[in-house]
Structures are given as C-alpha cells and as structure tokens.
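Reviewing the structure listed below.
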Amino acid sequence: MERQTATIRKVTPGCGVEVLGVDLANPSNSDMETIRAAYRDYGVIFFRDQTLTPEEHIAFARRWGEIDINKFFPANGEYPEIAEVRKEKEQKVNIGGGWHTDHSYDAAPAMGSILVARELPETGGDTLFADMYKAYEGLSDGLKKTLEGLKAVHSNAHVFGTAGAYKSSDQASGFKGESMVGEAVHPVVITHPLSGRKALYVNAAFTTHFEGWTWAESKSLLEYLYAHAASPEFTCRFEWREGSVAFWDNRATWHFAVNDYHGEKRLMHRITIGGVPLQ
Ligand code: SIN
C-alpha cells in the first residue's frame, strides 16, 4: 500500500499544529522532515491514532537526541526512560497542573517532551499549551528592551524538594530525588537554538526572580509576564483521545495539565529529550 504524505494542520491561529498521515512507529525520512519543520516552526505538534509501544516511544525519542531522565518523576518500572504522569482515581493532585515548561531549572534545559496517552478519563484531562514566540512578539518595544538584558533564576526546590509542593501532596509517594534539587540562570528572552527566533523564557512554576533583583521586586513584572503569556490568543487546548501523542519544545512553549477529572484515572507516558544551554 502506498504511504501517505505527512501534512500539517493548524489547531488554532496562535498555537500548535497537528501532523497528519504519519506513523510515529515507522516514520519515513520525508515524514521526519515534515515533523522537524513543524516542531521548529510551531513549538508544539500533535498526532492522532498512533499505536506506539513503550519501545517505539523510546526509539522515536532517540531520533531527536539523548533522553534526559527526570530526577524527580515517578519512573515506569520497566522503562526508566519513561516518566509516568499518573493520577489515580483516589488522588486529588495531578502532575503538571499549572503553567510551566519542563526542566527550566537545569543548566541545559530539556529540548522537548513527548507525551503519549495511556489511560484517559472519560472526559477532561486536556492539556493547555502557550506559544512563547507569540508571547514575546506581543510585548511592547519598550518592555522588550527592558527584558533584553535580564536573566532569571529557575529553581525546583519549592516543587520537588522535601518541603516542596509534591512532597506535601497526595502525589508524595511517587516522587523521589528531593536532595537533587537545584537552580539555574537563563536569559529572560532567549534566541531559540533551532529557529533563531526570540522567545520569552520565564514560567510560573520554576522562575523565582530576576538575577540581581529581590523576589519582591521581581514579583509584579513576572506576574505581568505570566498573565500576558497565558492570553487566550497565544494558547491552545489539546483534547486527548486513545492514540494521541503531543510533542512540545520546552524552549518555545508552556503547558498546563487540566485537573478536572477527579474520581477517574489518567496515565500518560512522558519522555524528555536533552537540550543545550540557552543564549
Ligand atoms: C507534564 O506537565 O509534563 C504533563 C502534562 C500532561 O499530563 O498533560
């Protein structure tokens, strides 16, 4: 049977595209070119009707770089490369339930994450995404100039540390690595290593303050940026179905796992791919 040609369909004008006509378990060279271009140009790409086994998920991730095993997340017992984003029906707290980007607290933040739906609630459990190129481009020239020379500190102690958010929640037993918390400093506006475009690089979960500023001084400007970047015109909402896969660029987007399905289980497999220091 003849292979389909991969095509791209916009999800919303502001954020994300769907790549149609590819089998991620066996993509052709031309599919990979289309996927690479969509990833570079749109920051978050979605696929439907996939049948990826865990081994195929790992193999697809390895085509993009080295797998960056999360120090804190519950790992899948059989496949250490796969982090489990799990909420059981008895649990109230979900993982990733606020705007963030993965691993911004690392000196070389993760390039991307590939999330595969394994068990879904009947409805709900969608993921929101926001485009940080658009967020940057939507700022005034004056604010762009102010942000240009700034750096920000990103930390994970308040999220994954001993007294962090997960350790004091009903997700506590799954999380590990409390002693491995740390921080990193990155420019507030980065030049994206793949696209060369400028993107806003702060996020509400991990950015604590601007370098050289106090937390109190940083708070109102950071909050302004968070509210601006989450504007509806820069965001999209992905409704998961069996066979859905999302692949996002952590330097160009934020994401937010909606926690609206209490009493039902949701299990996702996430693989995170290593990145480079940001300029
Ligand atoms: C995450 O924050 O990586 C998980 C997103 C999701 O479960 O939708």
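Atom set for the values below is all heavy atoms of this structure, side chains included, hydrogens, waters and symmetry mates excluded. Along the sequence shown, residues are numbered consecutively beginning with 1. Numbering of ligands and ligand atoms starts at 1, following listing order.
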How far is [atom] from the closest protein heavy atom, and which atom is that?
atom                   : answer
atom 7 (O) of ligand 1 : R266 NH1, 2.8 Å
atom 1 (C) of ligand 1 : H255 NE2, 3.5 Å
atom 4 (C) of ligand 1 : V85 CG1, 3.9 Å
atom 8 (O) of ligand 1 : T127 OG1, 2.5 Å
atom 3 (O) of ligand 1 : R270 NH1, 2.7 Å

If the contact criterion is a heavy-atom separation under 4.0 Å, does W99 count as touching ligand 1?
no
Can you confirm whether the side chains of D68 and T272 place a donor and an acceptor under 3.5 Å from each other?
no
Short N or O distance, W240 and ligand 1, threshold 3.5 Å exclusive
no
Please state whether the rings of F175 and Y166 are parallel, tilted or perpendicular, taking 30° and 60° as the class boundaries.
parallel
Numbered atoms of ligand 1 (with element) below 4.0 Å of G96, judged on heavy atoms:
2 (O)
hydrophobic_cluster_shared for L221 and W215, side chain cutoff 4.5 Å:
no
Closest non-hydrogen contact found for T191 with G196 is CG2-O, 3.5 Å
Under 3.5 Å, sequence neighbours excluded: what are the donor-acceptor pairs made by side chains of residues 44-52?
{"residue": "R48", "atom": "NH1", "partner": "E239", "partner atom": "O", "Å": "2.7"}
{"residue": "R48", "atom": "NH1", "partner": "S244", "partner atom": "OG", "Å": "2.7"}
{"residue": "R48", "atom": "NH2", "partner": "E239", "partner atom": "O", "Å": "3.0"}
{"residue": "Q50", "atom": "OE1", "partner": "L24", "partner atom": "N", "Å": "2.8"}
{"residue": "Q50", "atom": "NE2", "partner": "V22", "partner atom": "O", "Å": "2.9"}
{"residue": "Q50", "atom": "NE2", "partner": "R48", "partner atom": "O", "Å": "3.1"}

Taking only residues two or more places apart in sequence or in another chain, which ones pass side-chain hydrogen bond (donor to acceptor under 3.5 Å, both in side chains) with R63?
none
